[in-house]
Amino acid sequence: MPIQLVPVGDTGVLAVFEQKIAEEIGAQVAALDAAVRGAKIPGAGETVPAFASLLVRYDPLLTDYNAVAGAVGALARRLPPPEPGAGRLVTIPVCYGGAYGPDLAFVAKHAGLTEAEVVRRHTGRDYRIYMLGFLPGFPYLGGLDPRLFTPRLQNPRTAIPAGSVGIGGEQTGVYPVASPGGWQLIGRTPLKLFDPEQPPRYAAGDRIRFTAITPEQFARLAEKEGTA
């Protein structure tokens, strides 16, 4: 697994992979992330995976760049070939269209598809979580059907409900908390995706599968989750 190791100030080591968004690169990042966390490198702490890199932070009072970079490089060389399908599979129920997905009709028109076909394509595959960012727990997902690629809104919304599922360019994602945003909203999940008091539902390297539910099912799940 060829990587480049780069210092980040005096508290970080950045492992840089081939610079592209791809399933196999995401699997390599996730595998190295798991290996680094499992190795418990002395003085090393938080890891931050991204699309094609892994940041390993360390305490400069306990160790230094050379020691941490050496350990990360050794782990990278010993890793087995990545498994693109690895990681947990997390299912997220989504109510598509209507008040839950006000931009579904636009996405369908842009793609030259019916709304039902957009939903079928969106729920018809698993999406790898490449990284979390922008908001707490916001998953950047790879694997969107190219027919569903849709430009972002020209004028972003100032408020998007928590749980909203959207498409922005070549990616799809779900807003864990209410926030501004410019993605095309096609549905919403009743699940509480971010709770600082609870373990996260997913992490970088996991996969997400969306499933379609009815408004009645949404209401029941929202009551159970406390998001109604």
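Position 1 is the first residue of the sequence; numbering continues from there.
Under the rule for a side chain to side chain donor-acceptor pair (under 3.5 Å), the partners of Thr214 that lie at least two apart in sequence or sit in another chain are Glu216, Gln217. Partners of Phe149 according to the ring-ring contact (aromatic ring centres under 6.0 Å, His included) rule, which considers only residues two or more places apart in sequence or in another chain, do not exist here. With sequence neighbours left out, the salt bridge (Lys or Arg N to Asp or Glu O under 4.0 Å) criterion links Lys20 to Glu18, Glu24. In terms of the salt bridge (Lys or Arg N to Asp or Glu O under 4.0 Å) criterion, residue partners of Arg37 (sequence neighbours excluded) are, by chain and number, Asp33.
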Please table the atom pairs, donor to acceptor, closer than 3.5 Å between any side-chain atom in residues 59-67 and protein atoms at least two apart or in another chain.
residue	atom	partner	partner atom	Å
Asp59	OD1	Leu61	N	2.9
Asp64	OD1	Asn66	N	3.4
Asp64	OD1	Ala67	N	2.9
Tyr65	OH	Leu5	O	3.3

Identify every side-chain donor-acceptor pair in residues 159-178 under 3.5 Å, counting partners at least two apart or on other chains, and give the distances.
residue	atom	partner	partner atom	Å
Ser164	OG	Pro161	O	2.8
Thr172	OG1	His122	NE2	2.9
Thr172	OG1	Gly166	O	2.8

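Annotation: side chain to side chain donor-acceptor pair (under 3.5 Å) contacts involving residues 138-150, sequence neighbours excluded, comprise Arg121-Asp145. Applying the side chain to side chain donor-acceptor pair (under 3.5 Å) test to every pair with at least one member in residues 218-228, sequence neighbours left out, gives these pairs: Arg201-Glu225. For residues 182-200, the set of pairs meeting the side chain to side chain donor-acceptor pair (under 3.5 Å) definition, not counting sequence neighbours, is empty. The salt bridge (Lys or Arg N to Asp or Glu O under 4.0 Å) contacts involving residues 91-109 comprise Asp103-Arg157, where partners must be two or more places apart or lie in separate chains.
Side-chain atoms of Arg209 never come within 3.5 Å of backbone atoms of Arg125 as a donor-acceptor pair (strictly under, hydrogens ignored). Proximity of a side-chain donor or acceptor of Asp206 to a complementary backbone N or O of Leu89 within less than 3.5 Å is not detected. No side-chain donor-acceptor contact under 3.5 Å links Gln154 to the backbone of Arg152. Judged by distance alone, with hydrogens and angles left aside, the side-chain atoms of Tyr58 form no donor-acceptor pair with the main-chain N or O of Pro42 at under 3.5 Å.
Inter-residue side-chain proximity for Tyr202 and Leu193 is flagged as met; some heavy-atom pair is nearer than 4.5 Å. Ile129 is listed as a side-chain neighbour of Leu132, based on a closest heavy-atom distance under 4.5 Å. With contacts defined as side-chain heavy-atom distances shorter than 4.5 Å, the pair Thr123/Thr211 does not qualify. The closest side-chain heavy-atom distance from Ile208 to Pro139 is below 4.5 Å.
Chaining together hydrophobic side chains whose heavy atoms lie under 4.5 Å apart places Ile213 alongside Tyr100, Phe218, Leu221. Other members of the cluster containing Val6 are Val8, Leu14, Val16, Val48, Leu55, with ILVMFWY side chains joined at under 4.5 Å, either directly or via other members.
Under the 6.0 Å cut-off for aromatic ring centres, Phe194 and Phe138 do not qualify, their centroids lying 6.0 Å or more apart.
Across Tyr127 and Leu141, no two heavy atoms sit closer than the pair CB-CB, 3.8 Å.
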